Amino acid sequence: DTGVSQDPRHKITKRGQNVTFRCDPISEHNRLYWYRQTLGQGPEFLTYFQNEAQLEKSRLLSDRFSAERPKGSFSTLEIQRTEQGDSAMYLCASSSWDRSYEQYFGPGTRLTVT
Amino acid sequence: DQQVKQNSPSLSVQEGRISILNCDYTNSMFDYFLWYKKYPAEGPTFLISISSIKDKNEDGRFTVFLNKSAKHLSLHIVPSQPGDSAVYFCAASARDLGNEKLTFGTGTRLTIIP
């Protein structure tokens, strides 16, 4: 069990650029979640996948955000036309079908938009 | 609307004593509760959970208590150790509604004094 991994760990980008983050869940987990955490707050839910199907999206996920999980394994989160307000830690988590309520988090990708 | 509240931003406890972290929630549909621990520059680490059909769950030094009538839960750590110094997040989900997302509190920073 290698845990949830995320890449990159840090990303600095200029406002208006597009960025893409990758998440590799624990191998036997079929559920994958994206959260965003800003300073002084707890993680906030963005979206979740069961296998390759995206089943729920938060209203926090504006049209500039898109997430995919093409083969039910790794997932990508893309932010288009980044804004300074997008600066945050983006966390990925995964869980198994039989204990879906216990989500295991990756180390996160810290995005800074300048 | 903060549905999960951790009203103490910080807590300091002497090594060897008991640490008690508190969490309140407002959504009566929440039926599963979790505690996560977070070190700087790492993702949250799952600690312990409790279903709403129970009022206590214990795992080693960690015990979670749930008072459904008061919509309150607490995490007890005994004895407290220096490695317990971290930010602790309370989280909740409404599994019976098929809702997979976790709603987090804002965290409590625990400092164990040697």
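Proteins come first, then strands; the chains are lettered A, B, ... in the order of their sequence lines, and each starts at number 1. Just so it is clear, the model here is predicted, and its values are computed rather than measured. Hydrogens, waters and symmetry mates play no part in the numbers below; they use all other heavy atoms, side chains included.
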Nearest heavy-atom pair of B:Tyr32 and A:Glu102: which atoms, and what distance? OH-OE2, 3.8 Å
Are any side-chain N or O atoms of A:Arg9 and backbone N or O atoms of B:Ala41, one a donor and one an acceptor, separated by less than 3.5 Å? yes
Where on A:Arg110 is there a heavy atom nearer than 4.5 Å to chain B: the side chain, the backbone, both, or neither? neither
Among the clusters formed by ILVMFWY side chains lying less than 4.5 Å apart, do B:Leu102 and B:Tyr88 turn up in the same one? no
Just verifying a value: how many Å separate A:Leu46 CG and B:Lys101 NZ, rounded to the nearest 0.5 Å? 10.5 Å
Look at atom CZ of B:Arg61 and say whether more than 12 heavy atoms of other residues, nucleotides or ligands are closer to it than 6.0 Å. yes
Worked verdict on A:Tyr35 versus B:Phe104 for side-chain contact (heavy atoms from CB on, under 4.5 Å): CA-CA 10 Å; A:Tyr35 290 82; B:Phe104 284 83; 3.9 Å; yes
Just checking B:Arg109: does its CZ atom have more than 12 heavy atoms from other residues, nucleotides or ligands closer to it than 6.0 angstrom? no
Has B:Tyr36 got a side-chain atom pairing as donor or acceptor with A:Gln103's backbone, closer than 3.5 angstrom? yes
More than 12 non-hydrogen atoms from neighbouring residues, nucleotides or ligands closer than 6.0 Å to CD on A:Glu68, yes or no? no
In one Ile/Leu/Val/Met/Phe/Trp/Tyr side-chain cluster, 4.5 Å: A:Met89, A:Phe45: yes
Quick check on the hydrophobic clustering: are B:Phe62 and B:Trp35 connected, directly or via other members, by side-chain heavy-atom contacts under 4.5 Å? yes
Atom CG in A:Leu91, atom NZ in B:Lys38: separation rounded to 0.5 Å? 7.0 Å
Contacting region of A:Gln37 [heavy-atom separation from chain B under 4.5 Å]: side chain
Side-chain heavy atoms nearer than 4.5 Å, only ILVMFWY residues, links allowed to pass through others: does that put B:Leu47 and B:Ile112 together? yes
Option in A:Gly40, A:Pro43, A:Gly42 with maximal non-hydrogen atom pairs under 4.5 Å from chain B: A:Pro43
